[in-house]
Novice: 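The following block contains the structure, expressed as structure tokens.
Nothing here was measured: the structure is a model prediction, and the numbers come from that model. Note on naming: letters A, B, ... go to the chains in the order of the sequence lines (proteins, then strands), and numbering restarts at 1 for each one.
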Number of protein chains: 2
Amino acid sequence: MSDAALHHAAAPDAAMEPKTLVEGAYRRLRRNIVEGVHPPGEKLRVEHLKEQYDVGAGTLREALQLLVTDALVVAQGQRGFRVAPISLKDFEDITRTRVLIETEALRQSIALGDDDWEGRVLAAFHRLSRAEERLDDEASAREDWEERNRVFHEVLISACPSRWIQHFQQILYRQSERYRRLSLFRNPIPRDVHAEHQLLCDATVARDSDAACKVLTEHILRTLDAVRHMPTEFLNAAENGSKVRPA
Amino acid sequence: MSDAALHHAAAPDAAMEPKTLVEGAYRRLRRNIVEGVHPPGEKLRVEHLKEQYDVGAGTLREALQLLVTDALVVAQGQRGFRVAPISLKDFEDITRTRVLIETEALRQSIALGDDDWEGRVLAAFHRLSRAEERLDDEASAREDWEERNRVFHEVLISACPSRWIQHFQQILYRQSERYRRLSLFRNPIPRDVHAEHQLLCDATVARDSDAACKVLTEHILRTLDAVRHMPTEFLNAAENGSKVRPA
DNA sequence: AAATATAAAAATCTCGAGAAAAAGTATTGA
DNA sequence: TCAATACTTTTTCTCGAGATTTTTATATTT
């Protein structure tokens, strides 16, 4: 019963059906923010969004409050809600913290994972590889790849017994995904991720913690460069989706 | 502007006045849960709590949703809210994750802190020491000590530039405080914390990262023993504040 | 007596309307 | 032309009431 504290309505990503309208709106909103449908800094007016998401005003407010603690939405005093702004500094922070959390998780996972876990790692890698092959052909492959990439990273650390580390990993992954989607908006496939995933998968199954963490660290840090070399308009334009008053 | 994402309605602890009824109810609820006024597992019925906190049902629900993502409250499908249950396993997880986060934060703080930060560390330590002296005499000293202990730990890592690490530290500290309050319910002053704080303060100001982190790790881990040696009734009784149906 | 089924009660979830605050617009005066 | 003020519109915040669902209590059957 110990992990029940983290298996709350906010955590479950896939699988489970939303049991309430609040939870449903929360997930759709979260997805749309991560995918950039609601760009950073955009004002989230309840009156407009209630039609778009087909729920009442109160329900929508509850969903927004859930996103506030996830740091995907900011609530400003009595001036409504807004999609959390982005900045290079913030992404550097997210990335470095992610390295700290995710390498520790991987280390524990490698130390404690059983054969079944190894199998799941290989399976997730295989599914990801297949999606990578299809990336150039089909248009819908991008969504598949995003999903399978997330699952691959989650499965890697799934043998880590710490619910809290997994919780934080999910939050940070979602945050960084928001930045990656922006940087990938133009450049379709940025770099040779397949080779990195291959190395990561091999080292993990070989139970070589140091090597696996080294690869994972470089893998995560490389996305930082992608955002660094992103045209500055993205970051600046995104900071004020609506007017931001001078305070 | 990067840290705006974490300076949302959920983060600010002291200082700022609550700008909305939701935020006010959120803070009072959080405090009462951490302090054990609402014991772990207790059913949080909106109809009853709206009178106690003097707000409408919708407002209270929004405050509860904020606590959900903080993992202090769990929302169960369509069966209302409940104070997050506790368990020894969960506390072990919290403690170990806290060591990971807080030592990294301290390391960065020592590496980057300026003279002003050193001064704040010494000041916080002094205030804490004074409160410790008064612990046996006055009855209200307990609350003072709790507050100053929290501030001391926060100031220690305040020079860490990562907003995310500080955010996670706050969440975990709050969680562990919940357990400590329970274990301190009977035994008034458990151990010689003053000497530990002294060592921690000295090593930090001396810029000895390894020594400071070592002391901090032992300091945090020691609270684990306090809970381990807690009468089991606490943990079990707390798990079902109201009836927990067998699923 | 135990177990199932039915009915009553309580609580949750949801929506819409009214008060308070903020933002925007027009007017007035220098 | 610009700044300040007053007014209007929009938006947020809050509360109370109705529809579902869960829970409890009662009655019936094996």
Novice: Sequence neighbours left out, what passes salt bridge (Lys or Arg N to Asp or Glu O under 4.0 Å) with A/D114? Give chain and number order.
Specialist: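 By the salt bridge (Lys or Arg N to Asp or Glu O under 4.0 Å) rule, A/D114 matches no residue at all.
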Novice: With B/E92, which residues qualify under salt bridge (Lys or Arg N to Asp or Glu O under 4.0 Å), at least two apart?
Specialist: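 With neighbours one apart ignored, the set is B/R228.
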Novice: Answer yes or no: is there a side-chain heavy-atom contact under 4.5 Å between A/Q169 and A/C160?
Specialist: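 With C-beta onward as the side chain, the pair stays apart.
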Novice: Once you round it to whole Å, what is the distance between C1' of C/dT14 and NZ of A/K19?
Specialist: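 Going from NZ in A/K19 over to C1' in C/dT14 covers 18 Å.
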Novice: Nearest whole angstrom, please: distance from the C1' of D/dT14 to the CD of A/Q65.
Specialist: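 Answer to the nearest Å: 13 Å.
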Novice: How long is the line joining CD of B/E62 and P of D/dC15, in whole Å?
Specialist: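 After rounding, the reported distance stands at 10 Å.
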Novice: Using the ring pair (Phe, Tyr, Trp, His ring centres under 6.0 Å) criterion, which residues pair with B/F91? Sequence neighbours excluded.
Specialist: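 Ring pair (Phe, Tyr, Trp, His ring centres under 6.0 Å) check on B/F91 returns B/Y179.
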Novice: List for me each residue that meets salt bridge (Lys or Arg N to Asp or Glu O under 4.0 Å) alongside A/R130, sequence neighbours excluded, and say none if there are none.
Specialist: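 For A/R130, the residues satisfying salt bridge (Lys or Arg N to Asp or Glu O under 4.0 Å) (neighbours in sequence not counted) are A/E133.
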Novice: Once you round it to whole Å, what is the distance between C1' of C/dT14 and CG of B/L60?
Specialist: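 For the pair B/L60 CG and C/dT14 C1', the rounded distance is 16 Å.
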Novice: Find every protein N or O atom lying less than 3.5 Å from an N or O atom of nucleotides 11-13 of chain D, and list the pairs.
Specialist:
residue, atom, partner, partner atom, Å
D/dT12, OP2, A/V46, N, 3.4
D/dC13, OP1, A/G77, O, 3.0
D/dC13, OP2, A/R61, NH1, 2.5

Novice: Could you tell me which residues satisfy salt bridge (Lys or Arg N to Asp or Glu O under 4.0 Å) with B/E35, sequence neighbours excluded, listed by chain and number?
Specialist: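 Checked B/E35 against salt bridge (Lys or Arg N to Asp or Glu O under 4.0 Å); matches are B/R31.
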Novice: Taking atom P of D/dT14 as reference, at what distance in whole Å does atom NZ of B/K50 sit?
Specialist: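 Roughly 15 Å, once rounded to whole Å.
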Novice: Could you tell me how far apart A/Y26 (OH) and C/dC13 (P) are, to the nearest whole angstrom?
Specialist: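 About 16 Å, once rounded to whole Å.
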